[in-house]
Asker: 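To start, I am sharing the structure in question, which I have written as structure tokens.
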Protein chains: 2
Amino acid sequence: MTTARPDDWLTSLAGDRPDLGRSSTAERVAEVLRTRVLEGDLAPGLRLSEEAIGGALRVSRNTLREAFRLLTHERLLVHEYSRGVFVRVPTAQDVTDLYRARRIIECGALRRWPHASNVAHAALADAVRESEEAAARDQWPQVGTANLKFHRAMAGLAGSPRVDEAVGRLLAELRLVFHVMGEHREFYEAYVPWRRQIIDLLERNELDEAERTLREYFDAAERQLVDAFARLPTT
Amino acid sequence: MTTARPDDWLTSLAGDRPDLGRSSTAERVAEVLRTRVLEGDLAPGLRLSEEAIGGALRVSRNTLREAFRLLTHERLLVHEYSRGVFVRVPTAQDVTDLYRARRIIECGALRRWPHASNVAHAALADAVRESEEAAARDQWPQVGTANLKFHRAMAGLAGSPRVDEAVGRLLAELRLVFHVMGEHREFYEAYVPWRRQIIDLLERNELDEAERTLREYFDAAERQLVDAFARLPTT
DNA sequence: TATTGAAGGATTGTTGAACAATCTCTACGG
DNA sequence: CCGTAGAGATTGTTCAACAATCCTTCAATA
């Protein structure tokens, strides 16, 4: 605990301001539903009845609708006028678009590696290590988590909160997509060494090659996901 | 109006679905407030009282709060728990971050020029022409509008709805920032020929040079805006 | 003078109920 | 089999009330 100048105390305290703003009921309800959707408890396409959920969670319809709105903005739910809200059903087209957007943003962020901070570099390395360790222990869900962390760290190279937020939204949506892959280890396993390769290239400052590798990584993942969707029973 | 296969009728119709979902009261209220904020009628930092605005617009507090939420999501308003919503006060730091994000996304989209559709190409050319014509007529607000159109079209090269949305949000925020520049012609004038140069380079397929020019364009605009903020009375 | 503490008034957070608008489903008739 | 009409269920919107929180004021203290 280093004692700094009073100025620094204040500025660092000011940074905690957002955390201080305690969450509203709607945000807590949204958090519950978000978890349920991302865990797959609430199947895509399911309609969320205001009365049923409001009754179960003991919150008023107004508050519940506020929570719905938050999740709709995150693209986890879709809202149809006078029909209600539904758990989003991702399509192969969504997958294509998600990867199109990710290629642009994450590859752009990767290029900022030379200008990024040490903590940003470390976050990327940490994520790769976690990914490898979880894979060694056959803990595939954790590999998935480390994967998300890796890409969040990749976006973090840009050093821009707005880029972080944009990528965060894409990744949340992607988590919904991943559910069609189930818990199949094959899906997670292939990408672990790929991530190692990318960070090795970055640490050697071979930016062009790193970007090329990341693009191939995206191409492969997109292809695998689109294939999985094509194999899906068309409802 | 070309007659296409029935499939195309349907898919294009499906695209209109969101428009069909007639606007809710909250969205109309949001539109009114959005205009007011962007026109500068509602000064940055101003607190928007639920009672006052709800009373003036004759809508219930619940509906108004929903409108607030929409605008908060667009980053035009900020919400503080138990304190209310305020018109966003952009900072020089915001400007820096906005341009950081724009450089990554728009430059990434620019690189997709060879793969973009003809309509995407045309949208970019149209925006440049509009910009020039408005400048020739000394209509600087219209130059500003054409500018936004230009950058929306630049993002459109990616052919990704999610990229469009991300850039749309950045530009909406930027419009708030532009207000500190007032109606000063100097701010709009310098960038008109720059845009012409970029599209000329693109049409000659000189991608590297086009990207370099766009980056310089961003650097200049960011510098000018940050300077303007530094000159601002610190409240 | 500057700081602290305690009313109080004002504003937001949340709820429940009510009614209108819209959709869904079923049954009927052609 | 198809289309239609009506009943029932669900959402859209508003209102009124109370709880929780914040801001202002003002007096007391060092």
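Every chain is numbered from 1, with letters handed out A, B, ... down the list of sequences. Atoms considered below: every heavy atom in the structure, side chains included; atoms not considered: hydrogens, waters and symmetry mates.
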Asker: Do B:Glu173 and B:Arg88 pass the side chain to side chain contact (heavy atoms under 4.5 Å, CB included) test, and can you show the C-alpha distance, the side-chain angles, and the key distance before you say yes or no?
Answerer: CA-CA 9 Å; B:Glu173 217 179 331; B:Arg88 180 103 184 283; 2.8 Å; yes

Asker: Side chain of A:Val59 only, heavy atoms from C-beta on: which candidate in D:dT11, C:dT15, C:dT14 is closest?
Answerer: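 When the side chain of A:Val59 is considered, C:dT15 is the closest of D:dT11, C:dT15, C:dT14.
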
Asker: What residues in residues 63-70 of chain A put a non-hydrogen atom under 4.0 Å from any atom of DNA chain D?
Answerer: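 Residues of residues 63-70 of chain A that come under 4.0 Å of DNA chain D are, in numerical order, A:Arg65.
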
Asker: Quickly work out the B:Glu80 CD to D:dC22 C1' distance and round it to whole Å.
Answerer: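 These atoms are roughly 11 Å apart.
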
Asker: Let me check something: any side-chain donor-acceptor pairs from residues 50-57 of chain A under 3.5 Å, sequence neighbours excluded? List them with distances.
Answerer:
residue : atom : partner : partner atom : Å
A:Glu50 : OE1  : A:Arg61 : NE           : 2.8
A:Glu50 : OE1  : A:Arg61 : NH2          : 3.2
A:Glu50 : OE2  : A:Arg65 : NH1          : 2.6

Asker: Not counting sequence neighbours, list each pair that qualifies as a ring-ring contact (aromatic ring centres under 6.0 Å, His included) and has a residue in residues 57-78 of chain A.
Answerer: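 Pairs touching residues 57-78 of chain A that pass the test: A:His73-B:His73.
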
Asker: Run the salt-bridge test on B:Glu165 and A:Arg75 with the 4.0 Å N-O cut-off and return the result as yes or no.
Answerer: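 Yes.
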
Asker: According to ring-ring contact (aromatic ring centres under 6.0 Å, His included), does anything in residues 147-178 of chain B pair up with another residue at least two apart or in another chain? List the pairs.
Answerer: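 For residues 147-178 of chain B, and leaving out neighbouring residues, the ring-ring contact (aromatic ring centres under 6.0 Å, His included) pairs sorted by first residue read B:His151-B:Tyr217, B:His151-B:Phe218, B:Phe178-B:Phe187.
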
Asker: Taking OP1 and OP2 of D:dG12, is either one under 4.0 Å from a side-chain nitrogen or oxygen of A:Arg61?
Answerer: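 It does not, given that no N or O in the side chain of A:Arg61 lies less than 4.0 Å from OP1 or OP2 of D:dG12.
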
Asker: Please output the side-chain donor-acceptor pairs of residues 121-129 of chain A that fall under 3.5 Å, not counting sequence neighbours, one pair per line with the distance.
Answerer:
residue  : atom : partner  : partner atom : Å
A:His121 : NE2  : A:Trp113 : O            : 2.9
A:Asp126 : OD1  : A:Arg129 : NH1          : 3.3
A:Asp126 : OD1  : A:Arg129 : NH2          : 3.3

Asker: Side chain of A:Asn62, heavy atoms from C-beta onward: which of D:dC15, C:dT12, C:dT14 has the nearest atom to it?
Answerer: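 Selected nucleotide (nearest to the side chain): D:dC15.
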
Asker: Calculate the interatomic distance between B:Leu57 atom CG and D:dT13 atom P; express it in whole Å.
Answerer: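 Taking CG of B:Leu57 and P of D:dT13, I get 14 Å after rounding.
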
Asker: Please determine, for the side chain of B:Glu51, which listed nucleotide (C:dT14, C:dT11, D:dT21) has the closest atom?
Answerer: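 Looking only at side-chain atoms, B:Glu51 lies closest to C:dT11.
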
Asker: What is the distance, rounded to the nearest whole Å, between atom NE2 of A:His79 and atom P of C:dC23?
Answerer: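 Atom NE2 in A:His79 sits about 12 Å away from atom P in C:dC23.
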
Asker: Please check the phosphate of D:dT11 (OP1 and OP2 only) for any side-chain N or O of A:Ser82 closer than 4.0 Å.
Answerer: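 Negative; the distance criterion is not met.
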
Asker: To the nearest angstrom, how far is A:Arg58 atom CZ from C:dG13 atom C1'?
Answerer: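 Atom CZ in A:Arg58 sits about 19 Å away from atom C1' in C:dG13.
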
Asker: Just the rounded figure in Å: distance from P of D:dT10 to CD of A:Glu50.
Answerer: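 Spelled out: CD on A:Glu50 to P on D:dT10 is 11 Å.
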
Asker: Ignoring backbone atoms, establish whether A:Arg47 has a side-chain N or O less than 4.0 Å from OP1 or OP2 of D:dT11.
Answerer: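 A:Arg47 to D:dT11 OP1/OP2: side-chain N or O found under 4.0 Å.
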
Asker: According to ring-ring contact (aromatic ring centres under 6.0 Å, His included), who are the partners of B:His79, at least two apart in sequence or on a separate chain?
Answerer: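 Partners of B:His79 under the ring-ring contact (aromatic ring centres under 6.0 Å, His included) test: none.
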
Asker: Could you tell me the separation between the CZ atom of B:Arg28 and the C1' atom of D:dT13, rounded to a whole number of Å?
Answerer: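 These atoms are roughly 11 Å apart.
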
